[in-house]
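Below you will find the structure I want to go over with you.
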Amino acid sequence: MLALVSKLTTAAKRVLLGRPFRSDSLGRTLLSKRIALPVFASDAMSSVAYAPEEIFLVLSAAGISAYVYAPWVGLAVAFVMAVVVASYRQNVHAYPSGGGDYEVATTNLGPNAGLTVGSALLVDYVLTVAVSISSAASNIGSAIPFVATHKVFFAVAAIVLLTAVNLRGVRESGTAFAIPTYAFLVGMFLMLGTGLLRIFVFGDELRAESAGFDLDHEDSYLYGLAFAFLLARSFSSGCATLTGVEAISNGVPAFRKPKSRNAATTLLLLGIIAIVLLMGIILLAQKVGVVYASNVSDLTGAPADYQQKTLIAQVADAVFHGFPVGFFFVTIVTALILVLAANTAFNGFPVLGSVLAQDRYLPRQLHTRGDRLAFSNGILSLSGAAIAFVVLFGAEVTKLIQLYIIGVFVSFVLSQTGMLRHWTRLLRTEVDARQRARMRRSRIINAVGLSATGTVLVIVVITKFFAGAYIAICTMIAIFVVMKSIRRHYDSVARELDEHEWDGVLPSRSHSVVLVSRLHLPTRRALAYARATRPDTLEAVTVNVDDADTRTLVREWETSDITVPLKVIESPYREITKPVLDYVKRVRKDAPRDVVTVFIPEYVVGHWWETLLHNQSALRLKGRLLFEPGVMVTSVPWQLSSSARAKAPGVVNAPGAVRRGFEDRA
């Protein structure tokens, strides 16, 4: 069974993921700037597909007249984006090792601050995938009604596909994402350029399909503090544009040399593109008269069967009206980049998980690269969590976005605080005037970044807490507690294994027990091997579960040439495991300083169904004996003829063979 399962698993794995990469080929997976931009920046660029939509959606509560504030909200978001990009360029140069905000906070503020950042980012990466994929479903649904009615299915399928692509390795996934990302940029700039040119140069009157609608709104939002709260909530939703900025600082090791400079340049390009797209879409949406509501029933004047398209789809339809190719191109590439935007999280989450695992805050399996040089366990963990959120919230962007960006702004604030302490510490010892001037400038930039991100964090918490942000906050706290518990466990195990010096005292005697079911070749081999270990006491033990079989075994034993005594253990309830355990415990009780070694003959089989017929008692015994102090368990294999098929030359099926340097030729 094991051989067949291993072959089938390996074959399926190779079909889906490709051939394994050698460890020394890791350097060839590093990314150039033109590939790193779509890999790490697609999240922030693609967020312009739903951030302007959320700004209009929140403002719609006060009626169409409130849309006049949309550009000002967009400018506020753009200002924060510019500040954060400038701040993170300092981070990239100061900490090029890839720990990002986690490393900055841990180094400068202590492990608890670092762990807070780690838990916040883990949650935010998961929500990045969920929000991006759900928004992609909405955009495709604007052109294909079937997707709109099956958004959850589409979203789950997209996440599974994205997981498979990422498991193939960083370089291949980066290349796969470059074309759609650049196609999105071409589509967006073509739409913005064409629309603004027709409106401001040629004087064309472009109208969105919803331009003639009105909104049912609540008058309570029109005055005083209520309207200020509405603007603040609109701003906090628009700040979703900033998600993904930190991914570049986390992924610096994936860049080609010079790593820091290439990462900083990519970060600058990201900021410029995101700001231009955000402001361009908001301005064009306002000019074409887009009316967007959370519920179609709030739209006055809309047909009874009206299906509300996304904001991007409505703008594209207005700009390319009469030219459906343009509309479908923009809609498709927007959906594609939203699917691929989750790749930012699929790159950032596993790297951060690996760093946390290396620091013993997460299981060590997350620190190990798979045979395609990707952090496979981290990718699979992210995929499972994102699917859970998508299913739980029905792939609704408006619901998911209430949980969004809390984590990333927590990390922003702690990261900028840590950078202030970093520059202050360096300034105490630096004597070079030029370097001191550079450090002071960097400290000022990070101080402005702290002020801006801290203000945004307060606004986000106030405006989104009861709308769903409390779920994300509780999840972060839970992850923080779990990671602290994992670290305590690893530290406890390390102390248990290291704090006591080995005294070198050997057991006083060795007592070997060979378990016997029948007198056949596997039994003889186990006896020979046990005798070769030169124990002080050697005996064979059988359990009497059937009187006739036991008497036959005893007669055969007495007439054979075997000199080892056979002891029969009674089992009135026909059990095997418990009588053997009780016997071993009695031996240990009679001689506590003796070590007891139990030899268990086992069959090595070649067919999957043979495993169901053999070795079941042996597996149960081993599982129980391993918990007994002073007891060693040794399996003595006997290869059946069917196992020869698994020993064919040139085939390596053993788990982990690739990681040990063997070529997988199955």
Side-chain angles (χ1 to χ4, degrees), residues 1-5 510-591 594-628 630-647:
M1 176 181 179
L2 293 178
L4 179 62
V5 171
S510 174
H511 189 121
S512 294
V513 176
V514 179
L515 298 184
V516 177
S517 60
R518 292 175 54 198
L519 182 52
H520 49 18
L521 291 176
T523 298
R524 288 182 176 274
R525 185 176 190 181
L527 287 168
Y529 180 69
R531 186 181 290 111
T533 62
R534 300 180 182 276
D536 295 290
T537 302
L538 174 60
E539 59 183 358
V541 171
T542 187
V543 179
N544 181 16
V545 294
D546 185 279
D547 288 336
D549 290 342
T550 302
R551 284 195 295 268
T552 300
L553 174 61
V554 171
R555 284 196 302 269
E556 292 177 351
W557 199 273
E558 290 174 347
T559 59
S560 70
D561 58 350
I562 300 174
T563 59
V564 177
L566 175 65
K567 184 171 292 187
V568 178
I569 303 175
E570 293 297 330
S571 179
Y573 296 102
R574 296 162 304 284
E575 292 182 87
I576 294 177
T577 304
K578 189 175 186 303
V580 173
L581 284 172
D582 291 340
Y583 178 74
V584 171
K585 289 178 181 179
R586 286 199 302 271
V587 173
R588 283 281 300 157
K589 184 177 180 181
D590 294 340
D594 288 1
V595 63
V596 178
T597 304
V598 180
F599 293 86
I600 305 177
E602 286 192 57
Y603 298 136
V604 179
V605 299
H607 300 94
W608 67 268
W609 50 268
E610 290 179 290
T611 303
L612 303 176
L613 307 178
H614 302 286
N615 300 327
Q616 301 304 313
S617 298
L619 290 173
R620 288 194 297 270
L621 269 170
K622 283 194 294 185
R624 295 292 299 275
L625 288 169
L626 289 173
F627 288 94
E628 296 297 326
V631 177
M632 309 298 173
V633 183
T634 301
S635 295
V636 182
W638 180 269
Q639 288 82 12
L640 297 177
S641 58
S642 63
S643 66
R645 62 192 299 274
K647 298 187 294 183

* Structure fact -> The reported gap from NZ in Lys567 to OH in Tyr583 (rounded to nearest 0.5 angstrom) is 3.0 Å

* Asked: Is a salt bridge present between Glu602 and Lys622, judged by a nitrogen-to-oxygen distance below 4.0 Å?
  -> yes

* List the steps, then state whether side chain to side chain contact (heavy atoms under 4.5 Å, CB included) holds for Ser512 with Thr533. => CA-CA 9 Å; Ser512 294; Thr533 62; 4.3 Å; yes

* Quick one: pull up CD1 in Ile569 and CZ in Arg586 and give me the separation to the nearest 0.5 Å. => 6.5 Å

* Asked: Are Val580 and Val543 close enough that some pair of their side-chain heavy atoms sits under 4.5 Å apart?
  ->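 In contact.
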
* Asked: Do Ile600 and Val636 come close enough that some side-chain heavy atom pair is under 4.5 Å?
  ->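 Contact flag for Ile600/Val636 side chains = no.
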
* Structure fact -> Taking every heavy atom of Thr563 against every heavy atom of Arg531, the minimum-distance pair comes out as OG1-NH2, 4.1 Å

* Asked: Heavy-atom distance under 4.5 Å between the side chains of Val514 and Val564, does that happen here?
  -> no

* Asked: Is there side-chain contact between Asn544 and Ser571, with heavy atoms separated by less than 4.5 Å?
  ->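 SC-SC contact between Asn544 and Ser571 ruled out.
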
* Asked: Looking at side-chain heavy atoms only, is the closest gap between His511 and Asp536 below 4.5 Å?
  ->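 Side chain of His511 against side chain of Asp536, heavy atoms only: no contact under 4.5 Å found.
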
* Any side-chain heavy atom of Leu640 within less than 4.5 Å of one from Val604? -> no

* What is the distance from atom OG1 of Thr577 to atom CG of Leu625, rounded to the nearest 0.5 Å? ->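 Between atom OG1 of Thr577 and atom CG of Leu625 there are 8.5 Å.
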
* **Euclidean distance, Ser560 OG relative to Arg524 CZ, rounded to 0.5 Å** => 5.5 Å

* Checking side chain to side chain contact (heavy atoms under 4.5 Å, CB included) for the pair Leu519/Leu553: CA distance, chi angles, key distance, verdict? -> CA-CA 7 Å; Leu519 182 52; Leu553 174 61; 4.0 Å; yes

* Tyr603 versus Pro522: any side-chain heavy-atom pair under 4.5 Å? -> yes

* **Backbone N/O of Pro637 and side chain of Arg525: donor-acceptor pair under 3.5 Å** =>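 Here the side-chain-to-backbone pair exists.
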
* Taking 4.0 angstrom as the limit, do Asp582 and Lys578 come out as a salt bridge? -> yes

* **Leu566 and Val554: CA distance, side-chain angles, deciding distance, side chain to side chain contact (heavy atoms under 4.5 Å, CB included) verdict** => CA-CA 8 Å; Leu566 175 65; Val554 171; 4.3 Å; yes

* **Working for side chain to side chain contact (heavy atoms under 4.5 Å, CB included), residues Trp557 and Ile562** => CA-CA 7 Å; Trp557 199 273; Ile562 300 174; 3.7 Å; yes

* Do Glu628 and Arg588 have side chains that get closer than 4.5 Å, going by heavy atoms? ->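 No, their side chains stay 4.5 Å or more apart.
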
* From CG (Asp594) to OG1 (Thr537), nearest 0.5 Å -> 7.0 Å

